[in-house]
Amino acid sequence: MGKRAYALKLYGHFDYECDFENEDDITGSGLITNIHIGIKKLMLRDINPREFFMSRIDLLRQCVIIGDDISCGVIPIDEFGRKWRDETGKIYQELAREAEIVDRIFAGLSLRLKG
């Protein structure tokens, strides 16, 4: 079972889904997917992603947030790739600290890390 399917099974229907085509898409309780891609898009636009997410933390607390683990595997050779990977990890840590529940989905299996 994939991450989105897991979220839908656990929480049911969401009022909206945000995939970071537009940062104003975060409006309240919903499903936010591809947060790792959102972080990259913000960085490419010279927007500080940590400031972006922390300034919206009250809205994010009402959401289910899905992102890929990009910390494993080969370290990117280019500087931007390394910064993106590091920034994504730091944001995941901050969001996990603020979250009530944190689940990890790997190979279709869920593991509750918090909550």
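FYI, the numbering just counts along the sequence from 1.
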To the nearest 0.5 Å, atom CH2 of Trp84 lies from atom NZ of Lys40 at 4.0 Å
- Query: Just by distance, do the side chain of Lys114 and the backbone of Ala96 share a donor-acceptor pair under 3.5 Å?
  - Reply: yes
In this structure, CD of Gln62 is separated from CD1 of Ile57 (nearest 0.5 Å) by 11.0 Å
Closest non-hydrogen contact found for Pro49 with Glu87 is CG-CG, 3.7 Å
Is any side-chain heavy atom of Tyr6 closer than 4.5 Å to one of Ile66? no
- 4.5 Å side-chain heavy-atom contact, Asn34 and His36: yes
Do the side chains of Lys83 and Asp86 get close enough for a salt bridge, i.e. N-O under 4.0 angstrom? no
Check your understanding: Quick one: are Ile32 and Leu60 in side-chain contact, heavy atoms under 4.5 Å?
Key -> yes
### Message
Within the 4.5 Å heavy-atom criterion, are Asp103 and Leu10 side-chain neighbours or not?
### Response
yes
Tracing side-chain contacts under 4.5 Å among Ile, Leu, Val, Met, Phe, Trp and Tyr outward from Leu111 reaches Val102, Leu113
- Do side-chain atoms of Arg104 reach the backbone of Arg112 as a donor and acceptor pair under 3.5 angstrom? no
Notebook entry, point to check: Quick one: are Ile65 and Phe53 in side-chain contact, heavy atoms under 4.5 Å?
Noted result: no
One should read off an interatomic distance between Leu31 CG and Lys3 NZ, to the nearest 0.5 angstrom, of 11.5 Å
Do Lys90 and Leu95 come close enough that some side-chain heavy atom pair is under 4.5 Å? no
### Message
Are Ile101 and Ile105 linked, directly or through intermediate hydrophobic residues, by side-chain heavy-atom contacts shorter than 4.5 Å (ILVMFWY only)?
### Response
yes
Between Val64 and Ala7 the two heavy atoms that sit nearest each other are CG1-CB, 3.9 Å
| request: Look only at the side chain of Arg56 and the backbone of Phe52, and say whether a donor-acceptor pair between them is shorter than 3.5 Å. | output: yes
Value for CG (Asn48) from CD1 (Ile39), rounded to nearest 0.5 Å, stands at 11.0 Å
Quick check against the 3.5 Å criterion: does Tyr92 have a side-chain atom that pairs as donor or acceptor with the backbone of Asp68? yes
Looking only at heavy atoms, the pair that brings Arg85 and Val74 closest together is NH1-O, 3.1 Å
Has Leu44 got more than 12 heavy atoms of other residues, nucleotides or ligands less than 6.0 Å from its CG? yes
- Query: Would Ile70 end up clustered with Ile91 when hydrophobic side chains under 4.5 Å apart are linked, directly or stepwise?
  - Reply: yes
